Amino acid sequence: MKKLSSNIVWAVATLFILTVVFSFLIQSGPEPVALTINQLVEKVNNGDVAKIMISGQDIEVTLKDKTTSTLKKESEAPLTDTLKNLGVDTFELQKVALEVKDESGVRFWLGVLVPTLLPLIVIVAIFWFVFRQAKGGASQAFTFGKANIRLFTPFKDRVTFKDVAGLKEAKRELEEVVDFLKNPKKYLAIGARIPRGVLLMGSPGTGKTLLARAVAGEAGVPFFHISASEFVEMFVGVGASRTRDAFTTAKKAAPAILFIDEIDAVGRERGTGVGGGHDEREQTLNQILVEMDGFERDARLIVLAATNRPDVLDAALLRPGRFDRRVMLDLPDKKDREAILKIHARGKAFEKDIDLAKAATRTPGFSGADLANLLNEAAILAASKNQATILQEDVLNSVEKVLLGPARLGRVISDKERAVTAYHEAGHALVTASLKDTDPVHKVSIVSRGRAGGYTLKLPSDEQRLKTRTQFISELAAMLGGFVSEQETFGDVTTGASNDLKEASNLARSLVVKYGMSEKLGPMTFGNTQELIFLGREISHERNYSEQVASEIDREVSAFIQRAHLIAKKIITTRAKTLKVIADALLEKENLEQEEFDEIMKKSGLKPMAI
Ligand code: ADP
Ligand code: MG
Ligand code: ZN
């Protein structure tokens with residue numbers, strides 16, 4: 001559509017230019033003066049006229065003083081008759097050079113043709129462009145069943161394992177695939193059955209696509225990339241035909257890798273009817289299965305597929321001989337995050353002693369894609385401040401921006417509100433630092449970001465997978481620290497704590513129903529919860545307990561909260577002096593980095609207490 005309209009604009013512009021050029025051609029030369037026939041008669045009688053040129057109806061009169069004039073005559077009557085009728089002096093007329101010219105000059109033709117042909121040309125041109133467009137559409141319809149497959153040849157933009165940080169186990173698994181593509185004989189001679197399909201599973205942005213390309217790059221074979229969602233069209237059968245086409249193309253280029261991205265788009269369990277339109281998906285899936293079964297052992301085409309929903313995949317896809325290899329891509333740990341940051345720092349101008357490890361520490365839970373994006377944000381930030389290099393603080397600022405949203409520097413806050421925020425955040429920080437088993441405080445800030453009025457950044461020191469009950473209770477207390485601090489300092493609470501309270505309540509409930517950490521209810525889970533595997537979001541919660549147990553659960557949840565509240569209150573009241581020091585420092589500086597905060601805690605001489 002965009003192309004069509006730009007074509008029309010071009011056509012109209014071209015014609016406009018032509019018109020202007022023609023009109024200049026026609027009107028070249030000085031503007032002649034108009035005469036009436038009577039004036040002409042008078043001039044002839046006075047002997048002023050040197051020459052009269054008649055061309056059709058147009059008469060051009062040249063006077064003796066070289067000026068020219070034009071006039072028109074009646075169409076039928078000869079000019080001389082007209083002049084005679086008006087009483088011209090025949091003697092004088094005989095002295096005038098009379099010339100009759102055929103109307104055949106360029107001027108005549110242009111004069112006649114341009115006005116009549118121009119609209120015609122415009123119309124024809126528009127039709128032509130529209131038609132050409134429609135023809136493109138028609139030929140598109142003919143290639144409908146063709147896969148929109150993208151080919152990356154091995155040596156252009158080559159990606160290798162070196163470009164993929166971390167993911168050690170995944171790489172080790174895939175090295176076999178690379179080796180097979182390079183030395184198939186070794187495997188075939190011994191009668192080994194080579195994997196045909198490898199399924200890469202992992203959260204969005206963990207590098208599935210990147211790793212698949214790296215496999216092709218390592219093996220030096222062509223890489224065909226197609227997204228499974230492109231298989232699915234409005235019409236049943238198109239997906240199957242596209243699948244066939246993709247496999248045929250890739251097989252012709254073997255040894256090669258065919259990468260099917262987001263395979264869950266078609267590979268969902270069949271017959272469930274979830275998601276609608278599953279006829280088309282089923283056919284496409286069946287076709288993929290047929291293709292996977294159909295190629296010979298030495299075809300040397302390896303199909304890689306990626307998904308972040310392995311839980312919904314059809315069992316038939318995972319059967320031996322199809323995607324029987326499964327490679328798990330985890331979110332990077334701190335070391336890997338640093339390595340990923342280093343890879344993406346290439347080609348960016350950083351200050352000399354930049355410490356990417358610090359950024360890695362502050363980004364637990366970030367995927368590779370998040371980290372790549374983080375450095376880009378930092379670069380944009382530095383450029384917008386007209387810096388020549390990217391500074392450490394730009395990187396750390398971007399972490400907070402990605403986590404909490406951009407800083408809202410323009411927001412006007414009253415002094416009272418600022419004080420409340422300072423004491424609220426100081427409360428979180430103090431309770432956190434006063435307890436054992438809590439994560440270190442990395443930053444305290446009263447700069448408003450996103451929806452948060454301020455924030456306390458505390459991050460796990462190393463990726464721990466297991467958490468103890470004591471740690472959870474400490475965490476609950478830290479969450480309530482802000483609320484308690486407001487309450488104790490100002491004798492009142494604000495809405496600023498609502499998000500903390502919500503999170504604390506959710507966590508307390510999880511302790512009871514999910515982790516079996518309530519002493520009264522015992523080591524049991526309650527409710528049947530389905531979660532989206534990598535996204536950690538609940539999609540359904542089914543209640544499988546009685547009313548009585550439900551109220552017991554509520555009591556236990558509230559007991560956890562009360563316990564945490566008491567701990568927070570004890571800390572805030574007994575350490576009120578330090579609370580004030582932190583809050584004052586915040587009011588003065590707005591941000592406290594880890595070192596500054598630790599310094600305050602050290603000066604206060606307070607030790608972490610056990611609960
Ligand atoms: P996925 O396909 O798993 O959603 P991608 O492979 O498309 O994720 O990753 C997106 C981008 O994130 C990559 O292009 C790369 O820049 C970056 N990235 C992700 N993981 C890594 C990694 N392990 N090492 C280096 N870069 C990575
Ligand atoms: Mg991807
Ligand atoms: Zn808070």
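Note that this is a predicted model, so its numbers are computed, not measured. For ligands, and for the atoms within them, numbers begin at 1 and follow the listed sequence.
Considering both main-chain and side-chain atoms, Leu167 never comes within under 3.5 Å of ligand 1 through any nitrogen or oxygen pair. Checked against a 3.5 angstrom limit, the closest N/O atoms of Gly205 and ligand 1 fall inside it. In terms of polar-atom proximity, Ala369 is counted as a contact of ligand 1, with an N or O under 3.5 Å from an N or O of the ligand. Considering backbone and side-chain N/O atoms, Leu210 comes within less than 3.5 Å of an N/O atom of ligand 1. Residue-to-ligand polar distances keep Ile340 apart from ligand 1: every N/O pair is separated by 3.5 Å or more.
Atom 24 (N) of ligand 1 has Ala165 N, 3.0 Å as its closest protein atom, hydrogens excluded (heavy atom only). Looking from atom 2 (O) of ligand 1 to the surrounding protein, the closest heavy atom is Thr209 OG1, 2.6 Å. Protein heavy atom at the shortest distance from atom 5 (P) of ligand 1 is Gly207 CA, 3.8 Å.
Residue Glu169 qualifies as open at atom CD: its count of foreign heavy atoms under 6.0 Å is 12 or below. Atom NZ of Lys348 has more than 12 neighbouring heavy atoms from other residues, nucleotides or ligands inside a 6.0 Å radius.
Between Val484 and Ala568, the closest heavy-atom pair is CG2-CB, 3.9 Å. When all heavy atoms of Ala497 and Phe483 are compared, the pair lying nearest together is CB-CD1, 3.8 Å. When every heavy atom of Leu579 is checked against every heavy atom of Thr489, the shortest pair comes out as CD2-OG1, 4.0 Å. Across Ala422 and Ala583, no two heavy atoms sit closer than the pair CB-O, 3.9 Å. For the pair Leu459 and Arg362, the tightest heavy-atom approach, listed with the atom from each and the gap, is CD1-CA, 3.2 Å.
Among Arg213, Lys342, Arg346, Lys171, the one residue that satisfies the salt bridge (Lys or Arg N to Asp or Glu O under 4.0 Å) test with Asp163 is Arg346.
Proximity of the aromatic rings of Phe472 and Tyr515 is defined here by a centroid distance below 6.0 angstrom, and this criterion is met.
His424 contributes NE2 and His428 contributes NE2; the angle these two atoms make at the Zn ion (ligand 3) is 90°, rounded to 10°.
Atoms of ligand 1 lying under 4.0 Å from at least one heavy atom of Val164, given by number and element, are 23 (N), 24 (N).
The shortest separation from a heavy atom of His344 to ligand 1 is under 4.0 Å, placing the residue in contact. At least one heavy atom of Asp163 sits less than 4.0 Å from an atom of ligand 1.
The N, O or S atom of Asp500 lying closest to the Zn ion (ligand 3) is OD2.
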